[in-house]
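Indexing begins at 1, ligand by ligand and atom by atom, following the structure's order. For clarity, every value in this text was computed on a predicted model and none was experimentally measured.
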Amino acid sequence: MLDSVTDLRALLKDPSLLATQAYVAGEWIDADDGSTFEVTNPARGDVICTVPNLGRAETARAIAAAEKAQKEWAARTGKERAQVMRKWFDLMMANQDDLGAILTAEMGKPLAEAKGEIAYGASFIEWFGEEAKRIYGETIPGHQRDKRITVIKQPIGVVGSITPWNFPNAMITRKCGPAIAVGCGFVARPAAETPLSALALAVLGERAGLPKGIFSVITSQRSSDIGKEFCENHAVRKLTFTGSTEVGRILLRQAADQVMKCSMELGGNAPFIVFDDADLDAAVEGAMMSKFRNNGQTCVCANRIYVQAGVYDAFAAKLAAAVNKLNVGDGLKDGVTTGPLINMGAVEKVEEHISDALGKGAQIVTGGKRHDLGGTFFQPTVVANVTDEMLVTNEETFGPLAPLFKFETEDEVIAKANATIFGLASYFYARDIGRITRVQEGLEYGIVGVNTGIISTEVAPFGGVKQSGLGREGSRHGMEDYLEMKYICLSI
Ligand SMILES: NC(=O)C1=CN([C@@H]2O[C@H](COP(=O)(O)OP(=O)(O)OC[C@H]3O[C@@H](n4cnc5c(N)ncnc54)[C@H](OP(=O)(O)O)[C@@H]3O)[C@@H](O)[C@H]2O)C=CC1
Ligand SMILES: O=C(O)[C@H](O)CS(=O)(=O)O
């Protein structure tokens, strides 16, 4: 077995960024019971390192420290908090290469994508640090001559955060950015597959001057226990979650006992629609970006590709040609565009969707099998003649499978695109302005990409409707989820 801790540390300019202890109340700790769990490299299948396997007691200490530290942190001016967050942003960008290497090692995405995620993740720290200075209230004309009405906004308090493995840096900063900017205390529990990126964030947050307790990282395989501590501990005022709709439901049920405020960024089932008046080359480029980014492991990946009959064959041929240029391999190797899937369960889900489709009449255009590299590597795949009866129509594949559906009319495809419990991202390519207007208004999604396959940015409100979530992350709207509004009625 490769000693990939040494390998990985040898890659880093600053090996101290590869932390292997949990970060609680400003201290680097082991689990109370001394237990640990392995962090593996999905490209190599070997163990990078072990980290502590914390439980509810350690989580409760992190929450108590956050509650204590939050009061002084909130009493600082927005500018003072902004200055610390700016240092955190600057340190993330100065260490982008190392943070990218750590992210690729634990999650698998190619290094270029990992470095891109670091810049994307850092942008939330930068953006919300700036917004810290703009937490405005309002005055309202009194309803009686002797009444003066003001509205102020105050930090909600202690925030519990649970995030997935597919964006192990940016999904945390998209939450801790606004929370810490407004003056909250933040306890992060990253996915067990990818704790190292979160720990590296803590190393840099400590260097930037975040007060002890404001940002803690709970490394643990006991995800259910940590979630229950967040939901049952009366000091926690807010739960923010990114992950599957299935787990989101569990957490919402648990949070209901305290009527806890929740932000939920859940599953997707994105339609990607190509009309016959589309720029086909642009549509292929957009489909490649939307479908194969992070090897299809994002909640906003195109999950169903609808192509109007008149351009179906041409689009399918062009897409297959582009897919065949993808370079599958270890993300730490130069030139690799497509890494491994996160685990064997992900491989089996892609295989299930492909075999189900083929069994119901679909055809392979390219790919369709596990990659010769073995492990969790999979051939980027295009399948044609996909119909509504197939699993991929209603389930998120979360892998490198591009299923092509044929449609005839605008009304038909909008109805099909909306026929799902999900409503996160959607995309379409067209050039007629009347069609663009009708379709962008007709799609029941929180996000619509028009003639683009990439919609992710810190300046826009990211989030879903229906069972894709509650609330928005990013943009000035992202602050509201971490603020409480207070109405003050003064009688003079
Ligand atoms: N809307 C969005 O922005 C995003 C949505 N997703 C969705 O998430 C799914 C893929 O990510 P995946 O990680 O598999 O999703 P999961 O929902 O399985 O896991 C997400 C996080 O929740 C934790 N978790 C799992 N069960 C519980 C529980 N009972 N209580 C508390 N925490 C729990 C996991 O921990 P552990 O795994 O360590 O047990 C992980 O940290 C897809 O459906 C995808 O669409 C993913 C990313 C972004
Ligand atoms: O986890 C995800 O899939 C992200 O939310 C997608 S994005 O914000 O990076 O586009």
Crowded around Met289 CE? As in, over 12 foreign heavy atoms under 6.0 Å?
-> no
Paired with Phe272, the ring-ring contact (aromatic ring centres under 6.0 Å, His included) test is passed by just one of Tyr429, Phe292, Tyr445, namely Tyr429
Has Arg189 got its NZ or CZ under 6.0 Å from the middle of the six-membered ring of Phe230, at an angle within 45 degrees of the ring axis? no
query: Are the aromatic ring centres of Phe128 and Trp88 under 6.0 angstrom apart?
result: no
Q) Does Phe167 have Lys109 sitting over its ring (NZ/CZ under 6.0 Å from centre, angle to axis within 45°)? A) yes
Check: every ligand 1 N/O to protein N/O pair under 3.5 Å:
| unit_1 | atom_1 | unit_2 | atom_2 | d |
| --- | --- | --- | --- | --- |
| ligand 1 | 1 (N) | Glu265 | O | 3.2 |
| ligand 1 | 1 (N) | Leu266 | N | 3.1 |
| ligand 1 | 1 (N) | Leu266 | O | 2.3 |
| ligand 1 | 3 (O) | Arg174 | NH2 | 3.4 |
| ligand 1 | 6 (N) | Gly243 | O | 3.4 |
| ligand 1 | 8 (O) | Gly243 | O | 3.4 |
| ligand 1 | 8 (O) | Ser244 | N | 2.9 |
| ligand 1 | 13 (O) | Trp165 | NE1 | 3.0 |
| ligand 1 | 14 (O) | Trp165 | NE1 | 3.4 |
| ligand 1 | 17 (O) | Ser244 | N | 2.8 |
| ligand 1 | 17 (O) | Ser244 | OG | 2.6 |
| ligand 1 | 35 (O) | Arg189 | NH1 | 2.6 |
| ligand 1 | 38 (O) | Arg189 | NH1 | 3.4 |
| ligand 1 | 38 (O) | Arg189 | NH2 | 2.8 |
| ligand 1 | 38 (O) | Ala192 | N | 2.9 |
| ligand 1 | 39 (O) | Ser223 | OG | 2.9 |
| ligand 1 | 41 (O) | Thr163 | O | 2.7 |
| ligand 1 | 41 (O) | Arg189 | NH1 | 2.9 |
| ligand 1 | 43 (O) | Glu396 | OE1 | 2.7 |
| ligand 1 | 45 (O) | Glu396 | OE1 | 2.6 |
| ligand 1 | 45 (O) | Glu396 | OE2 | 2.6 |

- Query: Is there a donor-acceptor pair closer than 3.5 Å between any side-chain N or O of Thr381 and the backbone N or O of Gln379?
  - Reply: yes
- Query: When you measure from the centre of the six-membered ring of Phe186, is the NZ or CZ of Lys175 under 6.0 Å away and within 45° of the axis?
  - Reply: no
Output for ligand 2, non-hydrogen cut-off under 4.0 Å, lists Tyr120, Asn166, Phe167, Met171, Arg174, Arg293, Thr298, Cys299, Val300, Ser456, Phe462
- Query: Can you check whether Asn53's main-chain N or O pairs, donor with acceptor, with Ser35's side chain at less than 3.5 Å?
  - Reply: yes
Q: Check whether any side-chain heavy atom of Leu332 sits under 4.5 Å from a side-chain heavy atom of Arg44, and report yes or no.
A: yes
